[in-house]
Amino acid sequence: MTQIISRKDLLSWLERLIGERIVIAPARSNGMVLFQRASRAEDIVLDFDNTALSPKESFLPLSEALFTVDKENGNIKLMPTTVDEETVFFGIRPCDARGMALIDAPLLAAPADALYQQHRARTTLIGLACSQAGPECFCTSMGIAPDDPSNVDIMLTKVDDSYIVQAITEKGKALLPSDLIAESEVMPPPAPSLQAVLTEGIVEVMPGVFEAPYWSRLADRCLHCNICAYVCPTCYCFDIRDYIDEGSIERVRSWESCQSPGFTRLAGGYDPRSTKGARLRQRFYHKLSYFPEHFGLIGCVGCGRCVRYCPVNIDIREVISDIQKLGAQSEC
Amino acid sequence: MQEGLDLMPQIRDKARELLTSGAVDCVIGYERASDGLTARPLFAYEPNDVDKLIFDQTCAHNLARFLVNKRDSTVAIVAKPCDSRAINLLLAEKQIQRERVYVIGVVCPGIVEATWGQIGDKLQARCQLCREHTPLVYDFLVGEPPAEEPPAEPYHDVAEMEAKSAAEKHSFWAEQFARCIRCYACRQACPGCYCTECFAEQLDPLWVGIRIAPMENEVWHIIRAFHLAGRCIACNECERVCPVNIPLSLLNRKLEKDVLELFGFRSGLSAEAVPPLATFKKEERLGMSE
Amino acid sequence: MIEGYQPKIIGFLCNWCGYAGADLAGTSRITYPANIRVIRVPCSGRVDPLLVLKSFQRGADGVLIAGCHPGECHYVEGNYYTRRRFALFHPFLEYLGIEKERFRVEWVSASEGKKFSKLVSSFTEELAKLGPRREA
Amino acid sequence: MNAENPFIPYLATLLSTADLTPDTKFLTVELDDPDVRDRFDYKPGQFAILSAFGLGEAPFCLVSVSYRGRQLEFAVRRIGTVTNALHELEPGAKVGVRGPFGNYFSLEQYKGSNIIIIGGGIGMAPLRPVINFILDHRADYGDLLIINGARTPQDLVFAPEFATWAQAPGSRLELTVDRGDADWTGREALVPDVVKELKPSAENAIAITCGPPIMIRFTLIRLKELGFTDSQIVTTLEMKMKCGLGKCARCNVGDKYICQDGPVFTLEQISKFMEQF
């Protein structure tokens with residue numbers, strides 16, 4: 001037996017949730033599907049491949065004050081930002097849910113990033129299994145299935161005009177609308193099949209190709225914009241600086257990317273990673289070598305956003321297979 | 001896409017000749033992207049790489065953007081007419097040396113709307129407004145120059161925007177800029193944005209604060225556009241690469257229109273032309289009182 | 001007009017003409033509205049559009065640039081560049097939703113104290129009529 | 001470190017400032033909360049992140065030694081936005097302190113060894129607590145040789161302490177500058193050349209060096225010529241840091257985060273990832 005909810009009831013449930021807490025869900029905006037705060041269930045998009053930007057923005061916002069400096073009568077007090085409101089994050093894909101789990105590894109490692117931790121703790125993730133795969137998708141190569149229920153609190157899988165509902169965690173169970181859920185005999189459809197990239201052994205190959213001229217050649221066409229990092233569900237690099245507005249001082253954290261020109265430039269101008277090739281290489285080493293060294297998993301979930309949005313088609317799948325070839329060459 | 005467009009053999013032959021003779025270190029052209037449909041930049045260093053070169057209506061990138069990176073070597077570049085205007089701009093601004101760039105000019109039928117994995121059948125908006133289908137600077141020309149038919153109303157969308165009330169304009173742009181994630185792809189794709197230190201990265205004075213937020217984004221977009229006033233060559237790469245669909249051409253083309261009206265100038269038409277904000281005429285009034 | 005509304009004007013005045021003109025107005029005891037906050041610049045050609053934009057962002061209701069008359073620039077040709085730059089930037093500001101009445105480039109010589117005073121008065125009046133800018 | 005929220009600095013008061021060189025100030029800072037002050041222990045080589053509220057924060061090595069007193073000392077060279085702001089502060093001003101961060105010199109391990117300290121310019125900053133620690137535990141260590149170089153005599157950072165260092169038993173201080181002035185009677189030589197000239201013995205010795213990249217590079221060559229092995233050479237690495245916690249993913253050299261795994265490394269450790277700089 002499985003539990004199901006009809007499309008209509010799903011929308012009424014979401015409408016109910018919108019009345020109770022913040023609901024972030026996919027919606028159409030300027031020709032894109034983006035996760036946005038929903039004010040009406042009818043704006044929520046249920047059928048989409050994946051959103052243009054990853055869900056990380058809800059947990060690690062583009063910009064967020066870590067604290068505000070309160071200056072009264074010459075006294076200074078630091079007021080930390082806190083996350084108080086409960087949020088339901090609806091429509092996260094299995095790849096992106098893994099992305100959040102990957103960002104957890106560095107950010108929740110002791111001492112935990114308090115603000116990020118609050119964002120995560122205050123949010124319930126409702127996952128949506130993929131019924132079809134985009135041409136850029138390769139989650140299976142990263143050990144994720146298109147209907148993988150790990151890393152979410154509730155998983156929904158579309159069957160005809162209904163959704164199979166699985167409560168994965170206690171937090172998810174608590175959120176389920178028992179009145180809208182029915183028992184059923186339906187079976188989940190088979191997950192779509194995807195193109196595969198050979199990732200086996202890549203972590204071991206990486207250290208040996210660091211000096212390969214490959215990187216500077218690849219960087220020839222790289223524009224060194226931040227698109228790949230900003231659309232990526234696992235990139236978490238950030239910058240911290242102060243922001244003054246009308247006399248109020250905030251210490252702000254914002255996204256930053258290892259591709260941006262000033263990323264490693266020290267005060268005084270010295271930049272140990274000044275060449276384009278070195279910067280691009282850092283991106284792939286972080287994902288395919290350093291991150292797995294530290295946390296045991298490749299820092300990529302195969303969502304394919306960087307493949308789709310890179311203006312010059314630097315395709316991580318191709319890079320992985322090129323590295324495999326380079327590694328094989330250097331062995332013989 | 002247009003059928004029978006086969007400029008590839010000529011481009012490849014020329015590229016092979018240049019690389020084999022050692023006349024250039026590298027040929028910057030296009031190759032097929034990983035979707036098997038669209039194009040991406042190719043840097044061919046060996047005669048063998050030449051067979052990867054393609055040219056068709058998916059070759060959107062303005063390759064002139066890469067010339068400043070290759071200042072220290074001699075390169076050949078496959079250039080569409082808009083790219084050729086960028087080459088002229090870079091020459092006029094003394095960023096590259098003419099003798100170090102071999103231009104393989106390509107007569108351009110217009111580039112189609114495409115994203116990775118998907119090709120449309122419509123020409124890009126900028127191509128519908130194109131006035132030059134033949135490159136303005138080249139050492140070797142591929143294709144037959146067609147007769148030029150200037151577009152009837154190149155600035156109708158700009159005029160529509162101008163006609164709106166101040167409040168409408170303000171809220172339109174506020175909404176557009178609010179969406180920006182400051183990936184700076186618009187800058188990085190632009191052949192005219194070659195400053196070693198962009199104003200957006202200066203810390204003292206600090207023009208653009210760390211917050212990725214509407215007010216900071218507004219400074220970025222307005223000043224980015226204005227720094228290209230009289231310099232933008234309308235390749236529209238900035239808009240094409242924008243991951244959040246900000247209509248940057250609507251900014252760029254307002255300035256293009258006003259530059260044309262005020263100074264009678266279009267950028268990149270020659271390698272000698274001085275950008276209009278870098279010069280003046282004593283006798284002009286430009287609508288200002290004495 | 002909003003009762004009691006006092007528009008804020010940021011004035012970028014060139015050291016040699018605009019500022020000297022304002023100074024003359026002062027020493028000649030010619031009054032003008034206190035709505036203008038003066039920033040002295042070496043030449044009107046030094047005024048970067050960034051400064052104008054930032055002024056508006058930080059709450060200016062109007063921005064004035066006052067330089068030497070064309071042909072009389074202390075640095076010979078600085079204000080010719082100013083003229084071109086802002087002839088182009090002015091309509092661009094309007095295009096972005098900042099009413100064209102909110103921005104002025106004027107030529108004020110060191111001897112034109114009266115002109116400066118009149119200018120600030122008329123600008124202030126015009127801005128008062130227009131009312132405050134919307135919140136950015 | 002503030003374990004509840006590691007991005008929130010401890011508030012502290014700037015007690016005093018003094019000019020060390022034309023561009024470097026000596027800042028003495030005291031944490032406001034007495035409990036925090038008592039807990040704030042650190043070892044030579046560790047660093048803290050100082051905030052100038054409104055202008056941001058930046059990492060600086062702690063140049064004091066923890067056991068001598070509860071006041072934190074920093075040598076801050078004016079080079080960017082934050083250091084400019086710190087230089088402008090008057091005693092009594094509030095600053096923020098995060099830390100201590102990073103690893104430290106294994107001074108326990110070096111016991112019984114002769115120590116050679118080789119510092120250039122502001123690179124002397126992390127070496128000062130090492131020197132003071134050794135002088136305070138003089139019997140535990142062998143000979144102490146300090147080679148300190150700078151561009152000009154005015155740029156020698158810890159000049160007021162030179163007499164103490166030079167006169168301590170079993171210690172020797174060798175100063176050198178790139179360019180002397182009218183009053184300078186000492187050496188005019190580059191640091192690596194002084195190393196070559198003095199030929200410190202590698203036997204039972206540890207060399208600790210810090211300075212500009214170019215000085216380090218040639219100093220390492222000279223030390224190796226003298227027979228120092230990679231495990232006998234210790235240095236500190238510099239990289240742009242923001243969080244101090246290994247989270248912002250900026251200061252890595254290879255898979256090491258300088259803020260966490262460093263900044264102190266033996267050459268043996270570094271040689272594995274030095275190319276990845």
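Since we're looking at a predicted model, the values are computed, not measured. So that the names make sense, note that chain A is the first sequence line, chain B the second, and so on, each numbered from 1.
With hydrogens and angles ignored, the 3.5 Å screen pairs no side-chain donor or acceptor of Asp255(D) with any backbone N or O of Tyr290(A). Between the Lys247(D) side chain and the Leu107(A) main chain, a donor and an acceptor come within less than 3.5 Å of each other. Under the 3.5 Å distance criterion, the side-chain polar atoms of Lys240(D) are left unmatched by any main-chain donor or acceptor of Pro272(A). Of the possible polar contacts, none joining the Lys242(D) side chain to the Asp239(A) backbone as a donor-acceptor pair under 3.5 Å is found. Checked by atom type and distance alone, the side chain of Arg250(D) pairs as donor or acceptor with a backbone atom of Phe238(A) at under 3.5 Å.
Scanning both residues, Asn5(D) and Pro80(A), for their nearest heavy atoms gives ND2-CB, 4.1 Å. For the residue pair Pro9(D) and Phe67(A), the shortest heavy atom distance occurs at CD-CE2, 3.4 Å. The two residues Asn252(D) and Arg273(A) make their nearest non-hydrogen contact at OD1-NH2, 2.9 Å. Nearest heavy-atom pair, Ile79(D) versus Ala267(A), reported as atom, atom and distance to 0.1 Å: CG2-CB, 3.6 Å.
Interface residue Glu256(A): only side-chain heavy atoms are found under 4.5 Å from chain D. Within the 4.5 angstrom heavy-atom criterion, no atom of Cys258(A) approaches chain D. For a residue to count as touching a neighbouring chain, one of its non-hydrogen atoms must lie under 4.5 Å from one of that chain's; by this rule Ala52(D) touches chain A with the backbone only. Contacts of Ala112(A) with chain D are made by backbone atoms alone, with heavy-atom separations under 4.5 Å and no side-chain atom involved. Only the side chain of Ile244(A) comes within contact range of chain D, judged by heavy atoms closer than 4.5 Å. Contact annotation for Leu55(D): only backbone heavy atoms (N, CA, C, O) come within less than 4.5 Å of a heavy atom of chain A. Interface remark: Ser51(D) contributes backbone and side-chain atoms alike to the contact with chain A (heavy atom separation under 4.5 Å). Contact of Pro213(D) with chain A is made through the side chain alone, with heavy-atom distances under 4.5 Å. Of the atoms belonging to Tyr257(D), it is side-chain heavy atoms, and not backbone ones, that fall under 4.5 Å from chain A. With a threshold of 4.5 angstrom between heavy atoms, Arg265(A) approaches chain D through N, CA, C or O but not through any side-chain atom. Contact of Gln117(A) with chain D is not made at all, since no heavy-atom distance falls under 4.5 Å. Residue Thr264(A) touches chain D through both its backbone and its side chain, counting heavy-atom pairs closer than 4.5 Å.
Interatomic distance, CG of Asp242(A) versus OG1 of Thr81(D), reported as 10.5 Å (0.5 Å rounding). Atoms CG and CG, on Leu245(D) and Asp113(A) in that order, are 8.5 Å from each other to the nearest 0.5 Å.
The most heavy-atom pairs under 4.5 Å with chain A, out of Ala249(D), Ala58(D), Cys248(D), Cys251(D), come from Cys248(D). With chain D as the partner, the residue from Val69(A), Ile76(A), Asn75(A) showing the most heavy-atom pairs under 4.5 Å is Ile76(A). Annotation: maximal heavy-atom pairing with chain D below 4.5 Å, among Ala278(A), Ala114(A), Pro111(A), occurs at Pro111(A). The greatest number of non-hydrogen atom pairs below 4.5 Å with chain D, out of Glu250(A), Gln282(A), Arg241(A), is found for Gln282(A).
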* Assess whether side-chain contact (heavy atoms from CB on, under 4.5 Å) is satisfied between Phe53(D) and Leu78(A), documenting all intermediate values. => CA-CA 10 Å; Phe53(D) 295 113; Leu78(A) 308 181; 3.8 Å; yes

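By the 6.0 Å and 45° rule, Arg251(A) does not stack over the aromatic ring of Phe7(D).
Other residues, nucleotides and ligands contribute at most 12 non-hydrogen atoms within 6.0 Å of the NZ atom of Lys71(A).
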